Amino acid sequence: MIPNPVRVRFAPSPTGPLHIGGVRTALYNFLFARKHGGTLILRIEDTDQNRFVPGAEQYIIESLAWCGLKFDESPERGGPHAPYRQSERSEIYKEYIQRLIVNGHAYYAFDTEAELEVMRASFKADGNKVFQYDQKTRKSLRNSLTVSDSEVNAMLKAGTPYVIRIKIPENQLVVVHDLIRGDVTVNTANLDDKVLFKSDGLPTYHLANVVDDYLMKITHVIRGEEWLPSAPLHVLLYRFFGWEDIMPQFAHLPLILKPDGNGKLSKRDGDRLGFPVFPTEWKDPTTGELYSGYRESGYLSNAVVNILVHLGWNPGTEQELFSMEELIQQFSLERVGKHGSKFDPEKAKWFNHQYLQRKSDEELYQMLKPFLEHSGVAPPGEYVEKVIRLVKDRVFLVPDLWNAAWFFFIRPRDYDAQVYQKIWQPVTTELIQGFAKETAQLVDFNKETLHELVLHFIANSGVKMGQLMNPLRLLMVGSNQGPGMMDLAEVIGKKEFLERIRIGVEKLTK
Ligand code: GLU
């Protein structure tokens, strides 16, 4: 049963740019909210001041807006539960952490980093065990469960640094009902006493997240699988606050895996494997390093939405290309799988190709325009559209429009030396010049007449097709790439065709 009204949130921490996994989480929340006529909230979880990165919040908002994802309540737009930035809500959390202390569900811990280090080392020495602050170890540590009340008060008064930890109950079963994974049951013996609050006056993620989901009346928590291990702790917090019967429903989304399926797709994978992992470009404010984005690499935002929606959700039909409206209608959490989805960079390009093919010639012209301007050419619109029609089906990313078409607009500046070595034979210069002479006689210059001339010419001179066509291509485009030679020749016209032969032969045979 879907409770009404649906209220979901996307709750990123502004610790850097948003990875596409985060965009997918935001997208699923958006689709779910829109489908059910609900409300989508953006909450900035910035209580970890050490990890705060300037510009990250703006980046998150702008890159999601580029994908078509807008929020109903957010730090920018405000809303009935403002503020939506956790660092501005610190007074609220103080009240709730006090409640947990008074009810005996949380306690002060005064252990210094050095003391904890000693514990870690002794655990390690004892058969390589890993130290946890938990129901077994807390009894021998310095906290308000082991130290007298007066001593605790004295330490608090003296400003001794502390943290406040949850007191995990002994030997209870905690069940997380997950809409995607079903029931996940954990014994509290396996949970540690996580820090809920720090002496800098700010809560940790766990406390702030639960308190805010409650106060903001969140009905569904849709987030990445990496948060599943924290969910039992969150369920316990709802229980301790007495909110268990109005607890949101959980849906933990499957991981997005590296292309080879070996582990989670990480922020570092993108530039390492040659595809972007961020929606838009990001410049690291401290190192100045630039990370590529889908937008700048020439992806259309609706292609990115389609790439992401399929990484976890499956429509149950053969349909692969969806408009946002169709996604809103068809999306459901029931069709989100449990298993990680491999990110396939080739498939991503294929999606973009499909969306580019659906653009009108005029729209593609607009995309090509900046490249034309950059090269200082301004051909007539009709000419450009003719070229676009010729190259369109080879365009996967927006810059391909230029890469597949530049030779229709400008002459090659240089000629691939390797290709030259390979194809330019002693007879070539004379052959090409002879061919140019005959071409100059053509009254009607188009791809058919040129084709005929070529056939005629090779028959007469007794050379193979390649001996003429390979050098011609080199002269026209500077390499062995490019579209059909006859198409190119017809579009650039006789004068330009002959000019490229003349200039090229001159440069190459100097
Ligand atoms: N602040 C967490 C994050 O950065 C939010 C997790 C959640 O949605 O509960 O992903």
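Whatever order the structure lists ligands and atoms in, that order sets their numbers, starting from 1. Owing to the predicted nature of the structure, the values given are computational and were not obtained by experimental measurement.
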message: With a 4.0 Å cut-off on heavy atoms, is R9 in contact with ligand 1?
response: yes
message: Using ring centroids (six-membered ring only for Trp), state whether Y28 and W313 fall under 6.0 Å.
response: no
Nearest protein heavy atom with distance in Å, relative to atom 4 (O) of ligand 1: S13 OG, 3.2 Å
task: Establish, yes or no, whether a centroid distance under 6.0 Å links the rings of W66 and Y299.
output: no
- request: Considering only non-hydrogen protein atoms, determine which one is nearest to atom 1 (N) of ligand 1 and report residue, atom name and distance to 0.1 Å.
  value: E45 OE1, 2.6 Å
D46-S87 side chain donor-acceptor pair, cut-off 3.5 Å: yes
statement: Restricting to heavy atoms, the pick from G22, G21, A11, A231 nearest atom 5 (C) of ligand 1 would be A11
- request: Report the relative orientation of the aromatic rings in H105 and F240; use parallel for angles under 30°, tilted for 30 to 60°, perpendicular for over 60°.
  value: parallel
query: Does the ring centre of H310 sit less than 6.0 Å away from the ring centre of F322?
result: yes
query: Any idea which of H252, R43, R223 brings a heavy atom closest to atom 7 (C) of ligand 1?
result: R223
Aromatic plane relationship, Y238 with W243 - under 30° parallel, 30 to 60° tilted, over 60° perpendicular: perpendicular
- request: Determine whether the side chain, the backbone, both or neither of Y205 has a heavy atom under 4.0 Å from any heavy atom of ligand 1.
  value: side chain
message: Show the atoms of ligand 1 that are less than 4.0 angstrom away from any heavy atom in N209.
response: 7 (C), 9 (O)
